[in-house]
Amino acid sequence: MNPVRRFASRLAALPLAVALAALAFAQAPPLVELELGLGGNVVVGAWNPLRVVARDVPLGSRVEVTFDQGTLRSGEVPFRLQLPVSGGPGLSVVERTVYVAPFASVTWALVGDGAVVASGSIPGRGQDSRPLDVVLSRRSGSYAAAFGESARVVDVSAAQLPLAPEAYDGVRSVVVDGTAAAPRLEAVAAAAAGGAVVVVHGEMPASHAELRLLAAGPVMPLGAGAVLAVSGSPGDVARAVESFAASRPARSELIAAAAARPLVTPPAPLRQQVVVAAAVAFSVLAVTATRLFGAPGLASALLLAVLVSGAAWLYARPTEPEVVGSRTLALVGGELAHATLLEERYTLPATTVRVAGPARPLDARSYVVDEGGLRVDLPGWRSVVLVAAPRVVDAQLGFEDGSIVNRGATPLTDVLVVGLGPQGDLAPGARARPTSGEDGPPHEAYASLLPLLPAGTVVALSGCEVGCTVWLAPSLVAAGDWEEM
């Protein structure tokens with residue numbers, strides 16, 4: 001064939017090939033992947049990272065995840081998570097941290113253009129509440145053997161580590177030995193501040209040089225966790241993690257103990273004796289007025305009843321339709337603290353309680369979380385305790401050169417060292433050496449927490465005019481230092 005004619009025939013077929021390729025691309029089904037838990041490992045009874053990756057889904061789509069937290073006895077108790085997905089050509093990524101209570105099942109669907117684009121489910125069987133021991137190493141098998149069969153050792157890549165501290169609520173430790181890709185310094189700091197024990201095992205190569213900023217010493221407390229520099233075998237790493245974890249109170253137990261005492265005082269209704277006495281007095285008055293004056297007397301008694309009822313309602317009705325009380329638990333480590341807000345809402349009329357930001361009810365009940373926050377329906381004269389996702393804040397309580405220090409701009413009150421007793425109050429910027437004090441009744445804001453705290457823990461309060469912040473620094477004062485005081 002003539003080369004010119006061959007080229008012309010190929011050129012004529014080009015639009016058809018382009019059209020077929022475009023048709024094939026248009027008919028390609030959207031791809032949606034949902035991953036719950038760090039590396040797909042869910043920890044029940046903790047905050048877990050949730051990641052949704054969608055490709056080529058309609059604009060303005062949304063993902064809906066339903067956690068059935070019910071049992072055979074209670075029936076379905078749904079928690080519904082609804083989040084927007086940007087959609088359009090290419091990848092759309094949604095990341096969120098959600099609290100995962102024990103569940104019967106988890107179902108999800110991505111909805112776009114009024115139809116379900118993709119869906120899936122996670123069965124309830126096999127769920128595990130044990131915390132994770134995350135290993136970033138090419139020798140993960142040796143660490144799994146060192147931690148033992150009772151531990152949940154998972155091998156993940158550095159890119160899978162989340163940057164949100166609350167995502168490490170279900171992580172006990174993160175082990176880095178320098179044999180795998182280096183994690184981001186922000187992820188390591190978030191893990192420690194969020195409550196995990198970060199172990200830097202052995203000498204780090206040049207690619208991991210940033211980790212030396214956090215592992216400057218054998219132990220560096222940071223928020224609710226710490227960074228440990230450990231040498232030796234994987235067995236030494238496992239023993240260091242278990243020893244540090246045993247020296248810290250369980251955060252879930254602290255939250256349950258703090259919420260055991262009501263955070264609000266409901267408005268007191270009229271006493272039953274007063275209501276009965278008023279009813280008897282009115283009955284006597286109505287009978288007497290009717291006998292003496294007939295119909296006008298009865299009408300006057302009824303009018304008086306209306307006036308007295310209105311006055312009683314104005315006197316007895318609560319000043320606000322909703323009573324709110326709060327308390328914050330702040331676990332101190334170094335210059336940071338891991339703070340968890342507990343808030344009790346007591347509502348008088350039936351209403352829908354709305355809270356901005358990630359939060360969850362303390363008990364099992366139906367609720368919805370979307371981009372605006374949490375919504376939970378509450379009947380009249382009932383309360384709900386809400387637990388916000390933990391966050392990292394600057395620590396107001398510190399310990400420097402053998403003295404307890406107030407680093408904040410507000411006073412620290414009712415300072416106490418477990419094992420030594422009350423220490424008095426600390427003004428902003430003040431410091432005081434711990435001393436043995438006379439035992440007395442502890443403040444009600446932290447009295448229920450003391451049995452859970454190890455000796456040497458420093459406890460203090462701040463901001464109780466609005467809602468107390470309970471600062472807890474576990475084992476801040478070493479027992480060996482007591483002999484010097």
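Positions are given from 1, in the same order as the sequence printed here. Predicted model only: the values in this text are computed from it and were never measured.
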Query - Residues that Gln160 engages under side chain to side chain donor-acceptor pair (under 3.5 Å), provided they are two or more places apart - result: Ser157

Requested in this report: Answer with yes or no whether the side chains of Ser383 and Glu344 bring together a donor and an acceptor at under 3.5 Å.
Outcome: yes

Report task. List for me each residue that meets salt bridge (charged side-chain N to carboxylate O under 4.0 Å, His left out) alongside Asp128, sequence neighbours excluded, and say none if there are none. Result -> Arg130, Arg152

Report task. Please indicate whether Asp363 has more than 12 foreign heavy atoms, meaning atoms of other residues, nucleotides or ligands, lying under 6.0 Å from its CG. Result -> yes

Query - Within residues 404-457 or reaching into it, pairs that qualify as disulfide (SG to SG under 2.5 Å) - sequence neighbours excluded - result: none

Query raised in the report: Taking C-beta and beyond as the side chain, do Ser140 and Val153 meet within less than 4.5 Å on heavy atoms?
Result: no

Query raised in the report: In terms of ring plane angle, is the pair Trp381 and Tyr346 parallel, tilted or perpendicular, where the classes change at 30° and 60°?
Result: perpendicular

Report task. Using a 4.5 Å cut-off on heavy atoms from C-beta on, say whether the side chain of Leu329 contacts that of Leu449. Result -> yes

**Report entry** Partner of Val198 under side-chain contact (heavy atoms from CB on, under 4.5 Å), chosen from Leu222, Leu214, Val227
**Finding:** Val227

**Report entry** With Arg239 via side chain to side chain donor-acceptor pair (under 3.5 Å) - residues at least two apart
**Finding:** Asp236

Query raised in the report: Does a salt bridge link Glu64 with Arg62, judged by any charged N lying under 4.0 Å from a carboxylate O?
Result: yes

Query raised in the report: Is any side-chain heavy atom of Val174 less than 4.5 Å from a side-chain heavy atom of Leu136?
Result: yes

Query - Flag if over 12 foreign heavy atoms under 6.0 Å of CD, Glu186 - result: yes

Query raised in the report: Looking only at atom types and distance, does a side-chain atom of Asp68 sit under 3.5 Å from a main-chain N or O of Ala104, one as donor and one as acceptor?
Result: no

Query raised in the report: Side chains of Thr71 and Ser74: donor-acceptor distance under 3.5 Å anywhere?
Result: yes

Report task. Report the C-alpha distance between Arg51 and Glu95 in whole Å, list the side-chain angles of each, state the deciding distance to 0.1 Å, and finish with yes or no for salt bridge (Lys or Arg N to Asp or Glu O under 4.0 Å). Result -> CA-CA 5 Å; Arg51 179 181 173 89; Glu95 293 181 324; 2.4 Å; yes

**Report entry** Within residues 432-474 or reaching into it, pairs that qualify as disulfide (SG to SG under 2.5 Å) - sequence neighbours excluded
**Finding:** Cys464-Cys468

**Report entry** Side-chain ion pair, Arg391 and Glu166, N-O less than 4.0 Å
**Finding:** no

Query raised in the report: Is Val417 close to Ile404 at the side-chain level, that is, under 4.5 Å between some pair of heavy atoms?
Result: yes

Query raised in the report: Looking at Asp377 and Arg365, does any basic side-chain N land under 4.0 Å from a carboxylate oxygen?
Result: no

Query raised in the report: Is there a side-chain contact between Val176 and Val199, using heavy atoms and a 4.5 Å cut-off?
Result: no

**Report entry** Residue pair Glu253, Ile255: steps toward the side-chain contact (heavy atoms from CB on, under 4.5 Å) verdict
**Finding:** CA-CA 5 Å; Glu253 295 180 1; Ile255 291 173; over 6 Å; no

Report task. Would you check, one step at a time, whether the test side-chain contact (heavy atoms from CB on, under 4.5 Å) holds for Leu228 with Val237? Result -> CA-CA 9 Å; Leu228 309 183; Val237 171; over 6 Å; no

Requested in this report: Could you tell me which residues satisfy salt bridge (charged side-chain N to carboxylate O under 4.0 Å, His left out) with Glu343, sequence neighbours excluded, listed by chain and number?
Outcome: Arg345

Requested in this report: Could you walk me through whether Ser462 and Trp471 pass the side chain to side chain donor-acceptor pair (under 3.5 Å) test, one step at a time?
Outcome: CA-CA 8 Å; Ser462 68; Trp471 300 93; 2.8 Å; yes

Query raised in the report: So with a 6.0 Å cut-off around CD of Glu149, is the heavy-atom count from everything else above 12?
Result: no

Query raised in the report: Do Ser173 and Asp133 have side-chain N/O donor and acceptor atoms under 3.5 Å apart?
Result: yes

Query raised in the report: Which of parallel (below 30°), tilted (30 to 60°) and perpendicular (above 60°) describes Phe103 and Phe67?
Result: perpendicular

Requested in this report: Side-chain contact test, heavy atoms from C-beta onward, threshold under 4.5 Å: evaluate it for Leu416 versus Asp414 and give yes or no.
Outcome: no

Requested in this report: Would you check if Thr410 and Gln396 make a side-chain contact, meaning some heavy-atom pair closer than 4.5 Å?
Outcome: yes

Query raised in the report: Do the side chains of Tyr367 and Pro78 get nearer than 4.5 Å, heavy atoms only?
Result: no

